[in-house]
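Scroll down for the structure; my scribbles are underneath it.
We name chains A, B, ... by the order of the sequence lines, and we start the count at 1 in each one.
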Number of protein chains: 4
Amino acid sequence: MTHVKTTREGQASADGSATADGSMRSERRAHLVVLAGELFAQRGYRATTVREIADAAGILSGSLYHHFDSKESIGDEILASFINEVLADYRGAVASAGNPRAVIEQIVRSTSRTLARHRAALAMLQNDWSYFAAQPRFAYLPRALREIERIWVSQLEAGKESGLFRADLDSKLTYRLLRDVLWIPEQWRRTRGYGTDQVVDAFLRILFDGIANRA
Amino acid sequence: MTHVKTTREGQASADGSATADGSMRSERRAHLVVLAGELFAQRGYRATTVREIADAAGILSGSLYHHFDSKESIGDEILASFINEVLADYRGAVASAGNPRAVIEQIVRSTSRTLARHRAALAMLQNDWSYFAAQPRFAYLPRALREIERIWVSQLEAGKESGLFRADLDSKLTYRLLRDVLWIPEQWRRTRGYGTDQVVDAFLRILFDGIANRA
Amino acid sequence: MTHVKTTREGQASADGSATADGSMRSERRAHLVVLAGELFAQRGYRATTVREIADAAGILSGSLYHHFDSKESIGDEILASFINEVLADYRGAVASAGNPRAVIEQIVRSTSRTLARHRAALAMLQNDWSYFAAQPRFAYLPRALREIERIWVSQLEAGKESGLFRADLDSKLTYRLLRDVLWIPEQWRRTRGYGTDQVVDAFLRILFDGIANRA
Amino acid sequence: MTHVKTTREGQASADGSATADGSMRSERRAHLVVLAGELFAQRGYRATTVREIADAAGILSGSLYHHFDSKESIGDEILASFINEVLADYRGAVASAGNPRAVIEQIVRSTSRTLARHRAALAMLQNDWSYFAAQPRFAYLPRALREIERIWVSQLEAGKESGLFRADLDSKLTYRLLRDVLWIPEQWRRTRGYGTDQVVDAFLRILFDGIANRA
DNA sequence: TATGAATGAGGGTTCATTCAT
DNA sequence: CATGAATGAACCCTCATTCAT
């Protein structure tokens with residue numbers, strides 16, 4: 001057993017910098033993570049078997065366990081590093097001052113670059129969100145999503161107060177509508193507290209008129 | 001084998017009216033479909049076992065096979081009736097004349113009601129799209145998606161030509177951006193042919209200014 | 001899945017009467033438990049594979065899971081019913097009044113009969129005690145052992161106070177020395193050529209009077 | 001392969017003096033045996049993985065194979081040296097003349113000291129006796145046990161003939177009842193709060209005189 | 001219609017061991 | 001002497017499905 005394994009239990013690796021310090025991690029291992037990520041993205045995390053990953057690497061399935069504690073560990077490694085970068089994007093945008101419109105623009109621009117670098121993670125979350133969200137080990141994912149929502153809502157609110165955005169904007173709903181476009185589309189059904197008509201009207205309003213205030 | 005089973009092979013049941021002739025189908029069977037749908041929506045289609053469905057119905061898993069050929073049949077029944085209604089919504093909106101803006105508005109309004117009646121199907125598609133999309137039996141799903149895209153794009157194009165929508169709108173991209181909000185979020189990566197910057201710019205433009213032409 | 005499975009989680013089945021009410025349990029299942037018990041006794045619990053159990057039953061290993069949640073469940077069923085009977089023996093002996101010598105004699109006689117009926121459980125505990133003792137699911141085993149120790153020690157103490165037993169006896173230490181003879185040690189069944197009663201009598205004789213000839 | 005490996009095949013090392021010629025054996029190797037023994041004692045031989053041993057030594061599991069042929073070799077080394085000392089104790093006691101009572105007393109006293117020096121071996125035999133007993137490589141263990149039984153039985157018989165022990169004693173049965181107390185049973189070390197001498201004295205007292213008060 | 005028992009393929013994982021470097 | 005990577009067999013378990021009763 002190599003000493004580079006991710007921890008099997010304990011606080012999710014998302015709390016630390018999962019790969020930032022990973023300079024020493026073997027290239028073999030890194031290669032395996034990339035391979036696995038590609039398969040996860042193509043077929044989904046659950047639908048991908050460790051045997052398929054091993055096959056892609058040209059080894060036997062058991063040999064994967066020389067590098068990783070479990071299939072979950074591989075997923076965790078991919079997801080945690082992704083979510084940490086995204087969170088950094090958001091925090092960076094907020095910290096860099098600027099008015100809400102500038103902050104939102106920076107968020108969108110920086111995360112879009114991060115997303116491009118983490119295609120596998122994004123695909124995994126889209127395909128198997130409900131699975132990850134339910135698992136204790138991946139509790140940091142819903143947690144991160146909540147922080148992201150907080151940031152969006154506070155920026156939208158600030159924009160409304162400063163007159164940059166339309167005063168009739170429903171910040172929370174607007175975020176919900178937008179998130180999925182950028183992101184992991186949580187179910188409509190979870191958009192509790194809004195009637196269907198409300199959702200539709202808000203969508204059409206944004207779709208046709210946008211959120212910017214018309215001077 | 002009972003005579004009410006769905007066909008296991010052959011053209012997907014989506015091509016006919018899945019439930020239109022279902023007057024003879026036992027209520028028991030219909031109840032089982034609803035039960036299964038709820039579980040599929042909660043846990044995802046693949047993650048739900050036939051045992052869980054049987055448990056929820058208070059019978060043994062083997063007994064389900066008196067009503068259905070397979071787990072796939074149940075999924076098919078749920079998905080096909082949903083997609084057929086949605087397709088009907090789209091076709092109806094197009095047929096009802098009106099300008100592109102009116103058509104789009106009607107599409108959004110009518111499908112939103114259909115979606116509300118088919119929560120389970122929607123959740124299934126969100127969670128397990130990649131699975132269904134890859135299976136021959138569910139080939140009608142990507143097919144339906146393609147028709148829906150054609151309708152959106154043609155309406156957006158018509159709107160541009162008539163001056164209702166902004167002339168600089170990228171119809172295909174606009175559809176892709178919108179679809180996920182309404183719908184099944186296909187992966188960004190599949191939006192090939194667009195550079196990241198293009199996507200981001202388009203998103204921001206729509207987000208801030210909307211798609212409506214400023215008079 | 002049949003509804004007779006033992007619970008996978010929760011308080012150990014030892015707390016209830018594991019088999020006392022088991023009149024409804026299928027004979028097939030009961031037969032499988034016996035088969036498994038024999039293998040566990042011969043080779044040890046850990047050393048016995050579910051495949052071996054299934055082979056012995058003439059079915060495939062997966063089929064065992066129609067009857068049991070897990071290998072642990074089978075072990076639990078065997079062990080819990082055993083330990084409950086032993087505990088009942090001890091409590092019965094204590095409740096039946098009598099002086100400490102009579103109580104100890106009754107304990108030895110009644111448990112020796114119980115042990116004879118639960119050869120498999122005894123062998124399992126002998127071979128894999130350290131394993132069971134460490135597992136949460138089998139926490140009731142150390143718990144039972146502690147109760148048994150309390151009973152022995154209190155009877156030995158009472159015997160000393162009443163002058164029945166030697167005043168210089170260290171009760172706790174004496175129990176420790178005896179326990180293994182009655183109990184965790186090698187199988188009685190291997191002491192071929194002796195009837196149970198003979199063994200019990202010999203044991204009681206040595207316990208009370210020692211091996212030295214009284215001059 | 002280093003030249004210090006134990007032989008993998010052939011007559012068990014128990015037949016020779018396992019460590020008598022070990023002067024040249026590296027201290028590293030000896031240290032590894034001790035480490036392994038501790039783990040074997042704690043978790044059982046089978047339950048301990050070579051990885052755990054290597055981890056405890058601060059090396060990788062593969063590196064262990066520079067010192068030992070196999071996991072079995074380590075076990076053999078520990079067990080053989082133990083059993084040889086015990087056998088020496090028994091033979092010494094018999095050779096030192098004395099009446100049967102003296103011989104038995106000496107056996108108990110000397111083996112109890114040997115046992116104290118070989119905690120790991122004792123624990124291993126307790127936990128995994130059935131495993132070792134079944135393996136050809138460890139055939140010397142049952143063989144040793146048979147010699148030990150012969151000695152006990154002959155001493156008990158001699159004691160009966162000479163009038164030292166009760167004439168109604170069943171020697172073979174008595175040995176079986178006693179063996180586990182001295183031997184395969186739970187660890188003496190768990191009998192905390194008692195010194196070895198105390199335990200030995202108590203045992204001899206009960207063995208010879210029983211627990212009943214002599215009126 | 002339902003039960004109860006079984007199938008069979010495949011799932012993730014473990015572990016003693018090997019070997020080139 | 002040690003590493004790091006891999007083997008290969010076995011392990012416990014899951015699950016859609018079948019079928020005699």
Inset, instruction - Output the single nucleotide from F/dG4, E/dG4, F/dA2 whose closest atom is nearest the side chain of D/Ser63. - result: F/dA2
Inset, instruction - Give every residue pair that meets the side chain to side chain donor-acceptor pair (under 3.5 Å) criterion with at least one member in residues 49-63 of chain A, sequence neighbours excluded. - result: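 Of all non-adjacent pairs touching residues 49-63 of chain A, those that pass side chain to side chain donor-acceptor pair (under 3.5 Å) are A/Arg43-A/Glu52.
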If the condition is side-chain contact (heavy atoms from CB on, under 4.5 Å), which residues does [X] pass it with, not counting sequence neighbours?
{"X": "A/Ala57", "value": "A/Arg28, A/Leu32, A/Leu35, A/Ile59"}
{"X": "D/Val33", "value": "D/Phe68, D/Glu77, D/Ile78"}
{"X": "C/Ala134", "value": "none"}

Legend entry - Test ring-ring contact (aromatic ring centres under 6.0 Å, His included) applied to A/Phe40 - qualifying residues, sequence neighbours left out: A/Tyr45
Inset, instruction - State the CG-OG distance between A/Asp76 and A/Ser81, to the nearest 0.5 angstrom. - result: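 Rounded to the nearest 0.5 Å, the CG-OG separation comes to 9.5 Å.
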Legend entry - Touch class at under 4.0 angstrom, heavy-atom based, for A/Ile59 against every strand present: sugar-phosphate
Inset, instruction - Scan residues 31-39 of chain D against DNA chain E and write down, sorted by residue number, each residue with any heavy atom closer than 4.0 Å; if none is found, say none. - result: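 Contacts with DNA chain E under 4.0 Å: none.
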Distances under 3.5 Å between protein N/O atoms and the N/O atoms of nucleotides 10-12 of chain F, please, pair by pair.
from	atom 1	to	atom 2	distance (Å)
F/dC12	OP1	C/Lys71	NZ	3.2
F/dC12	OP2	C/Val50	N	3.1

Legend entry - No-hydrogen, no-angle side-chain donor-acceptor test under 3.5 Å, C/Glu72 and C/Gln135: yes
Legend entry - Nearest-Å distance for atom pair CZ/C1', residues C/Arg29 and E/dA5: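 Rounded to the whole Å, the gap is 14 Å.
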Legend entry - Under the side-chain hydrogen bond (donor to acceptor under 3.5 Å, both in side chains) test, residues paired with B/Glu38 that sit two or more places apart: none
Inset, instruction - Map every base of DNA chain F to its dot-bracket character, where paired means a Watson-Crick or G-U wobble contact with both distances under 3.5 Å and | marks a partner outside the strand. - result: .||||||||||||||||||||
